[in-house]
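This report concerns only the one structure given below.
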Amino acid sequence: MTSKGEGGIGTLLSIVALVAIGVFLVWLYRESSQIETVGEPVEEIVLTAGDILADPEAAIGNRASLDSIPVATGLGQGAFALNLSESTPYPVLMTPDAIQRLRATGVSVFGGDVVYVEGQVYTMNDSIASEWIRLGAVDQAMAGSLPATVSFLLADSVVIY
């Protein structure tokens, strides 16, 4: 029930469809290469201890560079609290790279040390604090010393003076 002409038309239509798709893709490529990126580069804001102290919630999402800040207490192998002021401890979690760099020098962070830390500020909540304990960054015995704040610093650079 098929005639000889039907097979030829199907093949011809397939070739025409493939050529049309190819032409469309070439056109799309040429159009996309002409698109210019519009916008200004985002300027990175680097906060200081005073900025975080003034508004810890507004600090979220920004980088911070804190120099010559005393450590309130060491919380474990991967975390400590800074004294941003006499009555304001601020939690710091170290990245795995920062922890390894300190371990390589044989140094640990203790209360009373003076440090330079740099990193990104993130939201802090009870779930995150529990995860720090579960992962061993904060020692179980020090869990009660973990400051209750709305943000924390994830430090990718820690230098002890």
Side-chain angles (χ1 to χ4, degrees), residues 21-22 24-161:
I21 290 171
F24 174 71
L25 290 174
V26 168
W27 173 82
L28 191 60
Y29 172 76
R30 287 184 180 166
E31 289 297 313
S32 68
S33 66
Q34 294 175 7
I35 297 174
E36 292 183 28
T37 305
V38 178
E40 296 179 26
V42 177
E43 185 177 322
E44 186 175 293
I45 299 170
V46 179
L47 304 174
T48 64
D51 297 329
I52 295 173
L53 190 58
D55 193 352
E57 191 169 4
I60 295 169
N62 294 300
R63 284 197 62 80
S65 177
L66 311 175
D67 196 9
S68 300
I69 304 293
V71 174
T73 184
L75 298 170
Q77 291 188 9
F80 54 92
L82 295 173
N83 265 339
L84 293 184
S85 73
E86 289 183 28
S87 61
T88 310
Y90 190 76
V92 176
L93 176 68
M94 293 185 286
T95 63
D97 288 343
I99 294 169
Q100 286 180 347
R101 283 192 297 273
L102 281 179
R103 282 187 184 160
T105 61
V107 179
S108 295
V109 181
F110 295 103
D113 288 342
V114 176
V115 296
Y116 165 83
V117 292
E118 187 174 321
Q120 189 78 21
V121 179
Y122 290 97
T123 300
M124 180 66 146
N125 58 38
D126 291 340
S127 303
I128 292 171
S130 297
E131 193 65 13
W132 288 15
I133 297 164
R134 188 186 74 73
L135 293 173
V138 173
D139 293 338
Q140 190 75 29
M142 297 301 292
S145 298
L146 190 60
T149 64
V150 296
S151 64
F152 73 93
L153 180 68
L154 179 61
D156 49 41
S157 178
V158 178
V159 178
I160 301 171
Y161 294 122

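Note that the structure is a prediction, hence the values are computed from the model and not measured. Nothing fancy with the numbering, it's 1 onward along the sequence.
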### Message
With a sphere of 6.0 Å drawn around CD of Glu131, does it hold more than 12 non-hydrogen atoms of other residues, nucleotides or ligands?
### Response
yes
### Task
Can you see which heavy atom on Leu84 is nearest to which on Ala49, and at what distance?
CD2-CB, 3.9 Å
### Query
How far does CG of Leu53 sit from OG1 of Thr88, to the nearest 0.5 angstrom?
5.0 Å
### Message
Show me the pairs that pass salt bridge (charged side-chain N to carboxylate O under 4.0 Å, His left out) and involve residues 85-103, at least two apart or across chains.
### Response
none
#### Entry: Atom of Gly74, atom of Met142 and distance for their closest heavy-atom approach
O-CE, 3.3 Å
#### Entry: For Ala64 against Val46, the heavy-atom pair lying closest together
C-CG1, 4.2 Å
### Query
Do you know which two heavy atoms are closest between Val115 and Phe80, and how far apart they sit?
CG2-CE1, 4.4 Å
### Query
Does Ser127 offer a backbone N or O that forms a donor-acceptor pair with the side chain of Asn125 under 3.5 Å?
yes
### Message
Testing the basics here: between Val138 and Ala79, what is the closest heavy-atom pair and its distance to 0.1 Å?
### Response
CG2-CB, 3.7 Å
### Query
Do Leu66 and Ile52 come close enough that some side-chain heavy atom pair is under 4.5 Å?
yes
### Query
What's the shortest heavy-atom distance between Leu102 and Met94, and which atoms?
CD1-SD, 3.6 Å
### Query
So with a 6.0 Å cut-off around CD of Gln120, is the heavy-atom count from everything else above 12?
yes
### Task
Can you measure from CD1 (Ile21) to CG (Leu28) and round to the nearest 0.5 angstrom?
12.5 Å
Only pairs under 3.5 Å count here: list side-chain donor-acceptor contacts from residues 143-161, not counting sequence neighbours, and write none if there are none.
{"unit_1": "Thr149", "atom_1": "OG1", "unit_2": "Ser151", "atom_2": "O", "d": "2.5"}
{"unit_1": "Ser151", "atom_1": "OG", "unit_2": "Pro56", "atom_2": "O", "d": "3.0"}
{"unit_1": "Ser151", "atom_1": "OG", "unit_2": "Tyr90", "atom_2": "OH", "d": "2.7"}
{"unit_1": "Asp156", "atom_1": "OD1", "unit_2": "Arg63", "atom_2": "NH2", "d": "3.3"}
{"unit_1": "Asp156", "atom_1": "OD2", "unit_2": "Arg63", "atom_2": "NH1", "d": "3.1"}
{"unit_1": "Asp156", "atom_1": "OD2", "unit_2": "Arg63", "atom_2": "NH2", "d": "3.2"}
{"unit_1": "Tyr161", "atom_1": "OH", "unit_2": "Asp67", "atom_2": "OD1", "d": "2.4"}

